[in-house]
Asker: 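Let me give you the structure first, and then I'll get to my questions.
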Amino acid sequence: MVVGTLLNAVAMILSMLINLYVWVIVIAALVSWVRPDPYNPIVQVLNRLTQPLYARLRSIIPTAINGIDFAPLIVAVLLKFIDLSLVQILANYAKTLQI
């Protein structure tokens, strides 16, 4: 019973972290459209949080089509897929352990 509760808590925390990171991706993408000041601390934090993952994705597959970079969209969709599938599987498994 305790293990089920702990797994359920882990699943909820993972889901929240994934959703938070998706929002960081959305905000970074919106900020990139307005030609931000690269010395702005907020812009620097957003770039540090998103660019390493984009670079890893770009090394696997090309993400730019006609000058438009789809890396943020691809990463956000992959994260939501993980959230809606794997995290939910973990949460459902935790519920079976609680019974």
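The model shown is predicted, which means the values in this text are computed figures rather than measured ones.
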Asker: With ILVMFWY side chains joined below 4.5 Å, transitively, what does V34's cluster contain besides itself?
Answerer: none
Asker: Is it the case that the side chain of S32 and the backbone of A29 share a donor-acceptor pair, with hydrogens and angles ignored and the cut-off at 3.5 Å?
Answerer: yes
Asker: Would you mind listing every salt bridge (Lys or Arg N to Asp or Glu O under 4.0 Å) that reaches into residues 24-36, with sequence neighbours excluded?
Answerer: none
Asker: Considering only Ile, Leu, Val, Met, Phe, Trp and Tyr, and joining two whenever side-chain heavy atoms are under 4.5 Å apart, list the other residues clustered with M16.
Answerer: I13, L17
Asker: I82 and I25: same hydrophobic cluster, using ILVMFWY side-chain contacts below 4.5 Å?
Answerer: yes
Asker: Check for me, please, whether L73 and L20 land in the same ILVMFWY cluster - side-chain distances under 4.5 Å, paths through other members count.
Answerer: no
Asker: Got a sec, which pairs hit salt bridge (Lys or Arg N to Asp or Glu O under 4.0 Å) with one end in residues 80-91, sequence neighbours left out?
Answerer: K80-D83
Asker: So, using side chain to side chain contact (heavy atoms under 4.5 Å, CB included) as the criterion, who are the partners of L14 when residues are at least two apart?
Answerer: V10, V87, L90
Asker: Say you draw a straight line from CG of L30 to CG of L46; how long is it, rounded to the nearest 0.5 Å?
Answerer: 10.5 Å
Asker: Run the side chain to side chain contact (heavy atoms under 4.5 Å, CB included) test against F81 and tell me which residues pass, sequence neighbours left out.
Answerer: S85
Asker: Would you tabulate the side-chain donor-acceptor contacts of residues 92-99 under 3.5 Å, counting partners in other chains and residues two or more places apart, or write 'none'?
Answerer:
| from | atom 1 | to | atom 2 | distance (Å) |
| --- | --- | --- | --- | --- |
| N92 | ND2 | Q88 | O | 3.3 |
| T96 | OG1 | Y93 | O | 2.6 |
| Q98 | NE2 | G4 | O | 3.4 |

Asker: Applying a strict under-4.5 Å side-chain criterion to I, L, V, M, F, W and Y, I'd like to know whether V77 and V22 cluster together.
Answerer: yes
Asker: Holding to side chain to side chain contact (heavy atoms under 4.5 Å, CB included), I want the full list of residues that pass it with P36, two or more places apart in sequence or in another chain.
Answerer: V31, V43
Asker: Do L7 and M1 belong to the same hydrophobic cluster, where Ile, Leu, Val, Met, Phe, Trp and Tyr are linked whenever their side-chain heavy atoms lie under 4.5 Å apart, directly or via other members?
Answerer: no
Asker: Any chance you could pull the hydrophobic cluster mates of L84, using side-chain heavy atoms under 4.5 angstrom and chaining through other members?
Answerer: none
Asker: What pairs meet the side-chain hydrogen bond (donor to acceptor under 3.5 Å, both in side chains) rule with one or both residues in residues 49-71, with sequence neighbours excluded?
Answerer: R58-D69, T63-D69
Asker: Going from CD1 on I18 to CG on L78, what distance comes out if it is rounded to the nearest 0.5 angstrom?
Answerer: 11.0 Å
Asker: Once side chain to side chain contact (heavy atoms under 4.5 Å, CB included) is applied, do any residues pair with L6, and if so which ones, sequence neighbours excluded?
Answerer: V2
